[in-house]
Each structure stands twice: as structure tokens, then as C-alpha cells.
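Below is one structure, written out as C-alpha cells, with a few remarks after it.
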Amino acid sequence: MTLCYFGFSENIQNPMKPSAPALRPPVPARLGDYTMSPRTLTIAAIALAVGAVSAFVAQGLLALIGLVTNLVFYQRVATALVAPGAVHHPGWLIVAAPIAGGLVVGLMARYGSEAIRGHGMPEAIEAILRGGSKVRPRVALLKPISAAVTIGTGGPFGAEGPIIMTGGAIGSLIAQTLALTADERKTLLVAGAAAGMAATFNAPLASILLAVEMLLFEFRPRSFVPVSVAVVVATALRWQLLGTAAIFPSAQALPALGAAVLVLCAAAGVVGGFVAWLATSLVYLAEDAFRRLPIHWMWWPAIGGLIIGIGGLFEPRALGVGYDVIGTLLAGQATLGLIVGILVVKTLIWSLSLGSGTSGGVLAPVFMIGAALGSLLAYVFPPVAPGFWALMSLAAVVGGVMRSPLTGVVFAMELTHRWDAVVPLVIASSVAFLLSALVLKRSVLTEKVVRKGTHVTREYSVDPLEVFLVSEIMPKSFVCFRLGASLADAAREASAGGDGTRRRKLAHAQRLYPVLDEGGRFAGLLTLQRLADASAEIAANPQATIDSRVVREVIVGHPDMTLRELANLMASREVSSVPIVARDDPGRLLSVMAMDQVLEARLRDLDEEHKPERVIDLLRLRPLAGGRIFASTRVPAAEDKAEERL
């Protein structure tokens, strides 16, 4: 016999069917909830240094912003953060300063590094997704300088975006001096970015959440632990330098909140989501408009500076980072004129100038816009506590603009130390996030990356290839040959499929044929291509056997692998089919797996996502005692087809 035929059974159990879980084998002891190695401890140790350096770099950037602001608007040498619009300035200075700042940034971007353009987060995301987490040294130097120039000359931006990019650059540079993988460089890049955020805002938990929700694109111990270490170190150093107080403290406790207030929190979320949509749309509109200008992009930041200057003439307090204004709004002490001025002017000049490609962050402006929106709602909504509605709208606009509702909630609590506001904050932020996700394809953080040709998804779910083991999916029937078999018969069998219909289906599905020795032990394999190329040898020697064409060094899989492990093995070895052998007995052949069979686990995932079914039919319940619940059962058509292929 030239042909070995295994497991030819019409009762093959398909793991896609609802009854399959009861037949599943136990999960091997070597698999666990997380993949972890001692290497994580090494990366965490390096993250200690990254966190410390990033903390000092963040404080240095804030001091540099203060220095430029004091020089330009107050003609003095000082590093304390001051608001450009805290006192009256000549109109020419308010207009000329941001234009000059834009010119400097444009020149730095053109002749230094174009990577300094933008608000930092998209550049960090692009470096992670497409750049192997490698940041050039000049970016680490030029980004904070360009941000200090932009913000110090009146730019309505925050320092957090440049701090994220600069801290990330520090982590990346440290990683590049060591022999690390791209994933390890990513971890240290994000560790530096999150550490800079924590040192700036005294918000360690929000910084970690921001890293998880927007930068890591995973939740794994190998990255989470080093990032947390860096954030803790940066926060501890920040406490030593600036103290532990909240940036916008709120001493008054919240009263008991009734259902009506919680409903109004949802309404604040709706309004905040609408404002987030409007601001994000304006950024997109501005970017498109600047791209249509018939001048080099080097001049765009100067035009953005002109927009800033004109807005500053109407509301000078909209210029700069604006931490003092945010504090006033959250304390409930802002006048109606300031509230409306900030809400209108800040939104316009931030959105439109951001599209020019200048250097500056989005978080502080979003804080200010959200707080101003809530302060305006406080004139309509019932009073709860000073600054309550400003805080709700701040979280809502953050959740809508940045599409990170958890980060928005925790940021709001850590900025104010108002821990008793967690429930209303969750309501406002989640509603705004829902509305933003429904009406906008991309956030202001990802649109720039996407426009460069990189698709970004921020949805995290369990990979169905991790759920199933190879033993649950592997075919129970397959064709193989024995050593000494006729090469002509083997080629005929592989090309024609033999006599029977079932055998023909198997032969056409297989691209790899195991070969057994005289004792029935796995000895090697034949590929369909090798059999197809055997025509010349068969013509020259009709008695030729398959032995000369058997591949002896074979890549094999094991039944206790997850489908993801097997897929990774196939990808790394550049093969589309592998024989499956027992882990404890490599000579015992169990099956042959092809890539299309590996992907059959996706069928269940797609079915669960898109195909509705009624599991309990309430109309068929018996109304009295002793009634039974009738659960519907089904076998999707895709699963039937998968079984037919076996």
C-alpha cells in the first residue's frame, strides 16, 4: 500500500459546535493567564532610570516654558509658569509674539526635524506602530525647545504632549543604547512618556491608564510593570520637588447625589461629546485647509500664530497653558464673560492653530474647554457644589476628544483630589465617549497617524486563536505515505485524490503529506509541490520511490499548543502547513494542520459578533411549576462547511 489513511470517521467532532466545550481536553500546565519571563525584571530596572530622567526633563520643560513666557510678555528672566494674559499687554505684542513663535518652530521643523511638528501623541503612536519605537536624538532636544517657544509666545497648548514625546524620546534613546527588542524599546518609550505626565500633573494612576489606553496597545505584565515603575519613580521625585498637593485642589465634599443629578451628568456628557465632536472636526478642517495652501508647510505655524494673536485680542486669558484659568473655573469663581470667552476663543484658536502643525499638547486646552463648558452649564443646572459641573464637563470633553473615558475620569479625580465624584464622572465621561465614538471615525490623536497611511485600532479583545488548542481543531482524517512507496502512485494520489469522494476532498485540502517508516513512526514529509515536480523523475524511472524526495528535517506542532502559538510558528518559519506530533513522543503522528484550519477559530468569533440567536424562547415556557426552558441549538453554515473540508 502506498497510502496511509488516518481517522476516516463520519462523526468527527467539530469544536465550533455548541456541544464541543464538554469534549475539550484540559489546558496544558505550561499555559497561563499571562506570558511572563525574568526579562521583565531587567526592563523594570531600566525603567527606574527612565522614570527619574523623565521627571527632571518634564520639570525642565515647564521651567523653559516659564522662561520664554517671562521673557516675551514680561521682559524679565524667571522660570515660574505665568499666564501671558494675566496683565494687560499692547495689542501688537499679543499678535506678534505667536507669529514669531510660529516662524521659529517652522524653521526648526524644516531644518532640524519634521518630527517636532504636532502635539506629541500622534508622533509617539507612529514611532511605536511603524518606527520600531526608535526616536532620533535630535527630537529629544528640539521637541521641548519648540514646545517652549510655541507655548511661551502665547500658543494655547498644553505641555503634556511635548512632555510625552520628550519623555518617550528619553526612554527610546536609553533603550537604543542597549541590546533590546522593539517591544522592549516600546515599553521604555511609553514608560518615559507616562513618567513625564505623572511628574507634570501629579497624576500617577491617570498616567498609567493613558499609557494603557493610548500608547501600549496591549495589557501585559512585560509592559505594564515597567511603565508603573517609571511612573512611581517620577511621581516620588515630583513630590520631593513640588509637593503632593493637587494641582486644582477642591476641599469641599460632595453632598448626596440624587437620581436627577445623575441624569443631568449624562446630559453634561451629551453636551461635552458634542463639543468634543465640534473641536475635533475643526482640527480636521484646519489641517485640510492648511494642506491646500500654495506655500511650504514651514510657514504654516506662523499663520497659526496669527490666528492665535487675533483670538488673544478678544480674550487674552485664552493664551498659554492656562492652568490658572482652569483652577478658577474648577473652583466655580469664573465670571460669565471669562467663561464664554474661554469657551469660544480657546476652542477656535486651539483647534485652528493645531491644524497648522505647530508644537503643543492637547490635554490642558481640553481641560480648559471642558471646565468652561461646565461652568456655563452651571447657570442652567441646579447647584451641587462649587465647580461640580465644570468637573463633569472636563471629564466629558476629555473622554470625547481623546476617546479615553477611564483616563478622563481618573485625571479629573487626581487633578482635584475629589475622590467622591467617581460615579458622576463615570457617567459624564462614558456618555461623551459613546457619542464621540458614534459620530467620529477617528480621534484628534489618531487622525494624523491614519492620514499617513497607518490604520490604528484601539479596541482590545481576546484573540480567539488563544482560546482553542490545536487538539480541538486538528483534522481527524488525513492522507500520508510510507517509505518505499511508489513516487508515481504518490503523485497520482496527490493530484487526483484517489477513488473515493471523501478521499478526494482530503487530498485536495492537503498541501503536505506525512511519511511513516515501516513501524508506523513519523519519518518526514512530502509537499504537494515536490510531488508535482516529480514528473521528470517518474518518466525517467517509473519504479522510483518517494524516499529521495522526503524532507527529513521537519517543523512540527504539538496538540497542546494554542492556535496562536501554532500560527506564530508558521509565520516565523514561513510555512503554511505543519504535521502535529505528540510532545512527549515526536514519532507519534497525530494530524496535519494548514493555515486555513488554524483560522477556523475566527469563524466562531465572527459568528458570535454578527449572528443573533434567541437562546430562551419565552413563548414556549410553561407557566406553572415544572416548566422547562427550551434552549435553541444550531450549527452555523460556516461550521458545516468547515466540517466538510475535514
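Every value quoted in this text rests on a predicted model; they were computed, and no experiment measured them.
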Is it true that a side-chain atom of [X] and a backbone atom of [Y] form a donor plus acceptor pair closer than 3.5 Å?
| X | Y | value |
| --- | --- | --- |
| Ser404 | Met402 | yes |
| Arg185 | Lys134 | no |
| Ser223 | Arg220 | yes |
| Thr153 | Pro98 | no |
| Thr328 | Asp324 | yes |
| Ser393 | Ala396 | no |
| Ser281 | Trp277 | yes |
| Trp389 | Pro382 | yes |
| Glu414 | Asn202 | no |
| Thr358 | Leu354 | no |

pair [X]-[Y]: side-chain heavy atoms closer than 4.5 Å:
| X | Y | answer |
| --- | --- | --- |
| Lys346 | Glu315 | no |
| Leu415 | Leu391 | no |
| Thr79 | Asn70 | no |
| Arg238 | Leu241 | no |
| Arg138 | Lys143 | no |
| Leu348 | Val344 | yes |
| Ser353 | Phe157 | yes |
| Val139 | Thr166 | no |

Inset, instruction - Answer with yes or no whether the side chains of Arg136 and Ser113 bring together a donor and an acceptor at under 3.5 Å. - result: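 Result is yes, a qualifying pair exists.
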Exercise: identify the closest heavy-atom pair between [X] and [Y]:
| X | Y | result |
| --- | --- | --- |
| Ala198 | Thr235 | CB-OG1, 3.5 Å |
| Gly152 | Val72 | O-CB, 4.2 Å |
| Gly158 | Ile151 | O-CD1, 3.4 Å |
| Thr187 | Arg222 | CG2-O, 3.9 Å |
| Val261 | Val384 | CG1-CG2, 4.1 Å |
| Ala55 | Ala199 | CA-CB, 3.8 Å |

Legend entry - side chain to side chain contact (heavy atoms under 4.5 Å, CB included) between Leu215 and Leu210, intermediate numbers included: CA-CA 7 Å; Leu215 293 175; Leu210 181 141; 4.2 Å; yes
Legend entry - Worked check of side chain to side chain contact (heavy atoms under 4.5 Å, CB included) between Glu184 and Thr181: CA-CA 5 Å; Glu184 290 167 343; Thr181 67; 3.2 Å; yes
If you round to the nearest 0.5 Å, how far is [atom2] of [Y] from [atom1] of [X]?
| X | Y | atom1 | atom2 | result |
| --- | --- | --- | --- | --- |
| Phe388 | Leu254 | CZ | CG | 6.0 Å |
| Phe381 | Cys265 | CZ | SG | 8.5 Å |
| Leu61 | Phe56 | CG | CZ | 15.0 Å |
| Leu282 | Ile349 | CG | CD1 | 12.5 Å |
| Ile369 | Ser351 | CD1 | OG | 6.0 Å |
| Leu180 | Ser133 | CG | OG | 11.0 Å |

Inset, instruction - Show your working on ring pair (Phe, Tyr, Trp, His ring centres under 6.0 Å) between Phe411 and Phe367 and close with a plain yes or no. - result: CA-CA 10 Å; Phe411 249 133; Phe367 286 167; 5.7 Å; yes
Inset, instruction - Would you check if the distance from the ring center of Tyr74 to the ring center of His89 is below 6.0 Å? - result: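 Yes - the distance between ring centres of Tyr74 and His89 falls below the 6.0 Å cut-off.
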Inset, instruction - Anything under 30° is parallel, anything over 60° is perpendicular, the rest tilted; go ahead and classify Phe290 against Trp300. - result: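 Aromatic pair Phe290/Trp300 classed tilted.
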Inset, instruction - Starting from the C-alpha separation in whole Å, work towards a yes-or-no answer on side chain to side chain contact (heavy atoms under 4.5 Å, CB included) for Gln59 and Ile163. - result: CA-CA 9 Å; Gln59 296 305 315; Ile163 285 173; over 6 Å; no
Legend entry - Test side chain to side chain contact (heavy atoms under 4.5 Å, CB included) applied to Leu81 and Thr69, step by step: CA-CA 8 Å; Leu81 279 179; Thr69 305; 5.8 Å; no
Legend entry - Under-4.0 Å salt bridge between Glu213 and Arg403: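 Judged by the 4.0 Å cut-off on N to carboxylate O distance, Glu213 and Arg403 do not form a salt bridge.
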